[in-house]
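The model shown is predicted, which means the values in this text are computed figures rather than measured ones.
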Amino acid sequence: MFEQQELSPQVKAVLAEIMAALKQYAAAGQTWTIFLDKMALTFDERAAIRDFLGEGTVTIQLADKSEPVEWLESGIAGVWFGVYFNYDHKPVLETIEIGGFPQIAQAQPEDIRQGIHLLQQNLG
C-alpha cells in the first residue's frame, strides 16, 4: 500500500470520492460509478489507485458476446474494478463501482419476465 505523501492530488481525489460513495452506500444503499477513462489520470495514477485499494477474491464476468464485462473485487468490500470490452475484447471503458455487487451483473426485470415465460411455457 502506498504512503499518503506518495499519492498524487488526482489519486487522492478519486480515493476521497470512493470513500464518500462507500459511506453513502453503507448509510443509504446508494450505488455509485466512477468512470476512470473519463478522467485525466495517467497509467501510473490508475495503478496507484488499484495498488492502494488492493485485490479481493471475487471476479464477476458478464460473457455477453457483443459487450463483455469483467469486474474484480478490490481489497475494500463494496468497491469493484470494472472493465467493459467491445466485440473484439478490447477495453473500451474502465470503472470503479461502489455497491454490494456491480448493478449490471444483477438480473434485469425484463430478463426475469422472460425467464418466467420460459418456465411457464416449458412446464406446460
What is the distance from atom [atom1] of [X] to atom [atom2] of [Y], rounded to the nearest 0.5 Å?
{"X": "Asn122", "Y": "His117", "atom1": "CG", "atom2": "NE2", "result": "9.0 Å"}
{"X": "Ser8", "Y": "Asp44", "atom1": "OG", "atom2": "CG", "result": "9.5 Å"}
{"X": "Leu93", "Y": "Asp37", "atom1": "CG", "atom2": "CG", "result": "4.5 Å"}
{"X": "Gln30", "Y": "Ile98", "atom1": "CD", "atom2": "CD1", "result": "10.5 Å"}
{"X": "Leu123", "Y": "Leu118", "atom1": "CG", "atom2": "CG", "result": "10.5 Å"}
{"X": "Ile96", "Y": "Arg46", "atom1": "CD1", "atom2": "CZ", "result": "9.5 Å"}

Are more than 12 heavy atoms, taken from residues, nucleotides or ligands other than [X], located less than 6.0 Å from that residue's [atom1] atom?
{"X": "Glu55", "atom1": "CD", "result": "no"}
{"X": "Gln103", "atom1": "CD", "result": "yes"}
{"X": "Gln24", "atom1": "CD", "result": "yes"}

Can you tell me if [X] uses its side chain to pair, donor with acceptor, with the backbone of [Y] under 3.5 Å?
{"X": "Trp32", "Y": "Ile18", "answer": "no"}
{"X": "Asp111", "Y": "Ala107", "answer": "no"}
{"X": "Glu94", "Y": "Val92", "answer": "no"}
{"X": "Asn86", "Y": "Asp88", "answer": "yes"}
{"X": "Tyr84", "Y": "Glu67", "answer": "no"}
{"X": "Glu70", "Y": "Val83", "answer": "no"}
{"X": "Thr95", "Y": "Thr33", "answer": "no"}

Hydrophobic cluster membership, with links at side-chain heavy-atom distances under 4.5 Å among I/L/V/M/F/W/Y: are [X] and [Y] in one?
{"X": "Phe85", "Y": "Ile60", "answer": "no"}
{"X": "Val69", "Y": "Phe35", "answer": "yes"}
{"X": "Met39", "Y": "Leu15", "answer": "yes"}
{"X": "Leu62", "Y": "Val58", "answer": "yes"}

Self-check item: Minimum side-chain heavy-atom gap Phe52-Leu7 below 4.5 Å
Solution: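 Yes, their side chains come closer than 4.5 Å.
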
Quiz prompt | Ser74 to Phe81 - nearest heavy-atom pair and separation | solution =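 That would be CB-CE1, 3.5 Å.
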
Quiz item: So, Trp71 and Glu97: side-chain donor and acceptor under 3.5 Å apart, yes or no?
Solution: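 Judged by distance alone, the side chains do pair up.
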
Quiz item: Does the pair Arg50 and Leu36 meet the rule for a side chain to side chain contact (heavy atoms under 4.5 Å, CB included), with working shown?
Solution: CA-CA 11 Å; Arg50 281 184 169 264; Leu36 288 177; over 6 Å; no

Quiz item: What residues, two or more places apart in sequence or in another chain, satisfy salt bridge (Lys or Arg N to Asp or Glu O under 4.0 Å) together with Glu45?
Solution: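 For Glu45, no residue satisfies salt bridge (Lys or Arg N to Asp or Glu O under 4.0 Å) once neighbours in sequence are set aside.
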
